[in-house]
Engineer: 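Take this structure, written in structure tokens, and hold onto it; I'll ask about it next.
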Amino acid sequence: MPKIHFHDLRHTGNTLAASTGGSTRELMSRMGHSSTRAALIYQHSTDERQREVARKLDTLARGALTKKPSGT
């Protein structure tokens, strides 16, 4: 596969790791980066991740609406 370079594989692996929802610090450790800037390069916004964020926010909101008021 002459058109694939090591960096392409590294980028794909790091992008997939970022898509799991790991924190920036976790990704930095996994990738061996010392700066957040380097780790953020791999945190692409995808339609699927946007849907996942929306689903999680929906779950949080629904949970908050079903709880009894705490009185505070």
Side-chain angles (χ1 to χ4, degrees):
M1 298 182 151
K3 293 187 178 186
I4 296 179
H5 301 95
F6 175 77
H7 183 75
D8 298 331
L9 297 173
R10 178 174 164 79
H11 186 86
T12 299
N14 290 337
T15 299
L16 291 172
S19 73
T20 67
S23 69
T24 301
R25 179 61 62 191
E26 291 166 332
L27 296 171
M28 287 173 61
S29 175
R30 181 177 192 84
M31 298 175 207
H33 292 147
S34 59
S35 74
T36 56
R37 183 183 179 281
L40 290 175
I41 290 169
Y42 301 99
Q43 294 182 340
H44 304 289
S45 177
T46 64
D47 290 343
E48 180 54 36
R49 285 296 298 154
Q50 290 297 331
R51 284 189 290 274
E52 180 65 21
V53 169
R55 282 191 291 269
K56 289 182 178 183
L57 288 171
D58 180 68
T59 299
L60 285 172
R62 289 177 188 274
L65 290 172
T66 61
K67 288 183 181 179
K68 293 182 180 179
S70 64
T72 57

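We use all heavy atoms of the structure for the numbers below, so side chains are in, but hydrogens, waters and symmetry mates are not. Nothing fancy with the numbering, it's 1 onward along the sequence.
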Engineer: Show every salt bridge (Lys or Arg N to Asp or Glu O under 4.0 Å) that has at least one partner inside residues 12-25, sequence neighbours left out.
Structural biologist: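 Counting only pairs at least two positions apart or across chains, no salt bridge (Lys or Arg N to Asp or Glu O under 4.0 Å) contact touches residues 12-25.
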Engineer: Which residues pass the side chain to side chain contact (heavy atoms under 4.5 Å, CB included) test with Ser29, not counting sequence neighbours?
Structural biologist: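 So Ser29 forms no side chain to side chain contact (heavy atoms under 4.5 Å, CB included) with any residue.
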Engineer: Residues two or more places apart in sequence or in another chain: which of them pass side chain to side chain contact (heavy atoms under 4.5 Å, CB included) with Ser35?
Structural biologist: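 Residues passing side chain to side chain contact (heavy atoms under 4.5 Å, CB included) with Ser35: Arg37, Ala38.
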Engineer: Going by the salt bridge (Lys or Arg N to Asp or Glu O under 4.0 Å) test, which pairs reach into residues 53-66, not counting sequence neighbours?
Structural biologist: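 Every pair satisfying salt bridge (Lys or Arg N to Asp or Glu O under 4.0 Å) with a residue in residues 53-66: Glu48-Arg55, Glu52-Arg55, Glu52-Lys56, Asp58-Arg62.
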Engineer: Around atom CZ of Arg49, are there more than 12 heavy atoms from other residues, nucleotides or ligands closer than 6.0 Å?
Structural biologist: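 Correct, the count exceeds 12.
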Engineer: For residues 14-21, please give each side-chain donor-acceptor pair under 3.5 Å, one per line with the distance, not counting sequence neighbours.
Structural biologist:
{"residue": "Asn14", "atom": "ND2", "partner": "Arg10", "partner atom": "O", "Å": "3.3"}
{"residue": "Thr15", "atom": "OG1", "partner": "His11", "partner atom": "O", "Å": "2.8"}
{"residue": "Ser19", "atom": "OG", "partner": "Leu16", "partner atom": "O", "Å": "2.7"}
{"residue": "Thr20", "atom": "OG1", "partner": "Ala17", "partner atom": "O", "Å": "2.6"}

Engineer: Tell me every residue that passes side chain to side chain contact (heavy atoms under 4.5 Å, CB included) with Thr36, counting only those two or more places apart in sequence or in another chain.
Structural biologist: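 Residues passing side chain to side chain contact (heavy atoms under 4.5 Å, CB included) with Thr36: Thr24, Met28.
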